[in-house]
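Beneath this line is the structure, given in structure tokens, with notes to follow.
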Amino acid sequence: MTSTAPEAHQGNDAGDPARDQPPSWQRRLRRFGRSARPETGLRERLVPPYTRPGRQFWEVLAVPPAAADRLVRWSAWGGPLLVALVAGVLRFWNLGSPKAVIFDETYYAKDAWALVNQGYEGAWPKDVDKLILSNPSGVEVPADPGYVVHPPVGKWIIGLGEQLFGFTPFGWRFMVALLGTVSVLMLCRIGRRLFRSTFLGCLAGTLLAVDGLHFVMSRTALLDLVLMFFVLAAFGCLLIDRDWSRRKLAAALPAGEDGELRPDARTAETLRLGWRPWRLAAGLMLGLAFATKWNGLYILAAFGVMAVLWDVGARRTAGAVRPYRAVLLRDLLPAFASTVPVAIGTYLLSWTGWILSDKGYYRDWAATEGKGGNWTWLPDWLRSLWHYENQVYDFHVGLTSGHTYQSNPWSWIVLGRPVSYFYEEEPGCAASQTGKCAREVLAIGTPLLWWAACVALLYVLWRWFFRRDWRAGAIACGVAAGWVPWFLYQERTIFLFYAVVFVPFLCLAVTMLIGALLGPAARPLPGGDPSGERRRMLGAIAAGVLILLIVWNFVYFWPLYTGTSIPENAWRDRMWLDTWV
């Protein structure tokens, strides 16, 4: 007799191939490579493993398994170092050209030279640039103090290159080029840790290596590339701290008989994570950023909030019922103490040369004009420094005088108004239709990279809002921290090159978009298209075309990044928008 009980029907259905199939809409999407998300254990959710190339990849290349394992281990550092080597060759090639004091180098190169020689910036004569270029050894550092409006760390760094290689264009650009090269290496490693993929990490570094704005700023003695370096380093330190703390949480959680971790509310809410050296390192980097340019303060605040939210997410994943309360009780005070006081202490230490001098600008204000009041119990140097900072703040917020190359931050992302650092015409150019050649150093990002970043940022925001992807949130935080504060000062005289601070995060956004184009590794799927190979192939073609176009675009604009002489008509061909002229 055939049973009609519900249990019998369920048992029969379980063996029915038609019942084993997913819904029809999912089967249709499989044609485009869609597959269900694999289930991951708690350990993998806390500390995701790094992806590795599949066996088929190595079999196609005829690489034995043992050699493949060695190559994977080598590539974790070998790949980033190779990308950084290429970036370094590009940045140091003919670094002393143009042999001129270009744009704001007229301030920072001279202030740096004064700092490393006497501990404070001097009041330079207005016509001294030509003498510096022709006979730098004959230039005396002015003893009279100069009024400067930026903290000293960036200038100390520029000055180190001048000490090594002299008071020349190569000397004052050397350290900036070095930091630009190292930042490419850092982004490779940061991208690898963020995406758990050596390939995507190296791709992010490659995009940074061929970004025009980062490239130009790496070859110019301005402060913004130095600021970018410390911001990126701080982000990397916080990323390592995130893995470190989650690994410690995972080690404290109980495991079942099958070896899988189990969430535990008590452990997740009461565990003290203790000494967190990478968070202290982040505080130091953020302090150096703040001590280079003041907008580092906004980034300190944004990164601090981001790091606390990462702690909330870690404790929630580990099983905390009230993760915000747990972070408030266990993590918030240590997080504050390891970043804010460290950053402020670093900032004050950066002024050591000015503090120890007796001629720095406003150095004796407390002993002369600032006598009396309620704060006389503070050291004179601290009160003088506070007064100096007040004067500098008034200068910054009141800087509204027009400039030919100023731009509104709304236009930055589409490269609305780049900044020309250097331009000269060369008459008698036989290769030119107009009889003239042009040399220019134009601070502009690689256009196709930045325009792709506009789409990538929308994708990142979608991933963050609708997929709750913490990586997308981290990238969005980096962009917002470097970009959004400038909208508060839209009437101030500001420039596109300030955007170099968030260029690494634009590269991460484009990398995330390219990773989505590539799609996940193919897996066999029952009853449908075999593993979505067609979708992955199309994604790889689209990603490859985009990357090649970005690299070509960098090569095409190379003369405008390096001040290479080209026919004037070729120069005009590269002025894609009227606002670039």
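All values below were derived from every heavy atom in this structure, side-chain atoms included, with hydrogens, water molecules and symmetry-related copies excluded. The model shown is predicted, which means the values in this text are computed figures rather than measured ones.
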Does the R363 side chain pair with the main chain of I355, one donor and one acceptor, at a distance under 3.5 Å? yes

Verdict with supporting geometry, V503 and M228, side chain to side chain contact (heavy atoms under 4.5 Å, CB included): CA-CA 8 Å; V503 165; M228 181 281 306; 5.9 Å; no

Quick one: salt bridge (charged side-chain N to carboxylate O under 4.0 Å, His left out) pairs with a partner in residues 92-101, sequence neighbours left out? none

Got D211 and W450 here, is their nearest side-chain heavy-atom distance under 4.5 Å? yes

Does atom CZ of R492 have more than 12 heavy-atom neighbours, drawn from other residues, nucleotides or ligands, at distances under 6.0 Å? yes

Dump the intermediate steps for side chain to side chain contact (heavy atoms under 4.5 Å, CB included) on W113 and I158, then the final yes or no. CA-CA 8 Å; W113 185 246; I158 293 170; over 6 Å; no

Might you point out which heavy atoms bring L232 and L187 nearest each other, and give the distance in Å? CD1-CD1, 4.0 Å

Are more than 12 heavy atoms, taken from residues, nucleotides or ligands other than E140, located less than 6.0 Å from that residue's CD atom? no

For the side chain of R463 and the backbone of R471, is there at least one donor-acceptor N/O pair under 3.5 Å apart? no

R219 side chain to N94 main-chain N or O, any donor-acceptor pair under 3.5 Å? yes

For W571 and Y423, take the angle between the two ring planes, folded into 0 to 90°, and tell me which bin it lands in: parallel under 30, tilted 30 to 60, perpendicular over 60. tilted

Quick one: pull up OG in S350 and CG in L288 and give me the separation to the nearest 0.5 Å. 8.0 Å

L286 side chain near F230 side chain, heavy-atom distance below 4.5 Å: no

Taking the two cysteines C429 and C437, decide whether their SG atoms are closer than 2.5 angstrom. yes

So which heavy atom on L95 is nearest to which on A177, and how close? CD2-CB, 3.9 Å

Please step through ring pair (Phe, Tyr, Trp, His ring centres under 6.0 Å) for the pair F487 and W410, ending with a clear verdict. CA-CA 8 Å; F487 289 96; W410 286 108; 4.6 Å; yes

For Y361, all residues meeting ring-ring contact (aromatic ring centres under 6.0 Å, His included), sequence neighbours excluded: Y147

R417 side-chain N/O to S407 backbone N/O, donor-acceptor pair under 3.5 Å: no

Which pair of heavy atoms, one from L200 and one from G515, lies closest together, and at what distance? CD2-CA, 4.2 Å

Close side-chain approach of Y107 to V101, heavy-atom, < 4.5 Å: no

Side-chain donor or acceptor of Q406 paired with backbone N/O of H403 under 3.5 Å: yes

Short N-O contact, D469 and R467, less than 4.0 angstrom: no

Is there a side chain to side chain contact (heavy atoms under 4.5 Å, CB included) between L458 and W462? Walk through the geometry before answering. CA-CA 6 Å; L458 294 177; W462 177 82; over 6 Å; no

Specify whether W93 and W558 have parallel, tilted or perpendicular ring planes, treating 30° as the upper limit for parallel and 60° as the lower limit for perpendicular. tilted

Can you find a heavy atom in the side chain of W381 that is under 4.5 Å from one in the side chain of W351? no

According to salt bridge (charged side-chain N to carboxylate O under 4.0 Å, His left out), does anything in residues 115-135 pair up with another residue at least two apart or in another chain? List the pairs. K110-D129, E121-K155

Are T446 and H214 linked by a side-chain donor-acceptor pair shorter than 3.5 Å? no

Answer yes or no: is there an ion pair linking D224 with K293, defined by an N-O contact shorter than 4.0 Å? yes

Is the closest side-chain heavy-atom distance between I132 and W172 below 4.5 Å? yes

If you round to the nearest 0.5 Å, how far is CE of M285 from CG of L300? 13.0 Å

What do the steps show when you test F554 against L449 for side chain to side chain contact (heavy atoms under 4.5 Å, CB included), and what is the final call? CA-CA 9 Å; F554 174 75; L449 173 59; over 6 Å; no

Closest approach of G171 to F165 (non-hydrogen atoms, all atoms of both residues): CA-CB, 3.9 Å

Smallest separation among heavy atoms of P169 and G96, with atom names: CB-O, 3.8 Å

Could you pull out the closest heavy-atom pair between G159 and A112, with the gap in Å? N-CB, 3.5 Å

I'd like to check M512 versus V460 (side-chain heavy atoms, cut-off strictly below 4.5 Å). Are they in contact? yes

In terms of relative ring orientation, are F103 and Y421 parallel, tilted or perpendicular, with 30° and 60° separating the classes? parallel

Does the side chain of F336 reach to within under 4.5 Å of the side chain of P341, using non-hydrogen atoms? yes

Under the criterion side-chain contact (heavy atoms from CB on, under 4.5 Å), which of W412, Y405, F497, W580 is the partner of P418? W580

Could you check whether the rings of F303 and F235 sit parallel, tilted or perpendicular, using 30° and 60° as the cut-offs? tilted

Looking only at side chains, do E105 and T220 share a donor and an acceptor under 3.5 Å apart? no

Report yes or no: is the cationic atom of R574 (NZ for Lys, CZ for Arg) closer than 6.0 Å to the six-membered ring centre of Y556, at no more than 45° off its axis? yes

Can you confirm whether the side chains of N408 and W486 place a donor and an acceptor under 3.5 Å from each other? no

About how many Å separate CD1 of I550 and CG of N553, when rounded to the nearest 0.5 Å? 8.0 Å

Can you tell me if S338 uses its side chain to pair, donor with acceptor, with the backbone of A335 under 3.5 Å? yes

Determine whether the side chains of D104 and T106 contain a donor N or O and an acceptor N or O closer than 3.5 Å. no

Using the ring pair (Phe, Tyr, Trp, His ring centres under 6.0 Å) rule, take W483 and F502 through it: C-alpha gap first, then chi angles, then the decisive distance, then the call. CA-CA 7 Å; W483 187 17; F502 59 86; 5.7 Å; yes

So, applying salt bridge (Lys or Arg N to Asp or Glu O under 4.0 Å) with K436, which one of E424, E568, E425 is it? E425

Are W294 and Y347 close enough that a side-chain donor and a side-chain acceptor fall under 3.5 Å? yes

Taken to the nearest 0.5 Å, the spacing of R193 CZ from I240 CD1 works out to 5.0 Å

Kindly compute the distance separating OH (Y362) from CD (E389), expressed to the nearest 0.5 Å. 12.0 Å

State, with a plain yes or no, whether a side-chain heavy atom of S134 is found less than 4.5 Å away from one of L131. yes

E440 side-chain N/O to L442 backbone N/O, donor-acceptor pair under 3.5 Å: no

Quick one: pull up CG in L415 and CG in L448 and give me the separation to the nearest 0.5 Å. 10.0 Å

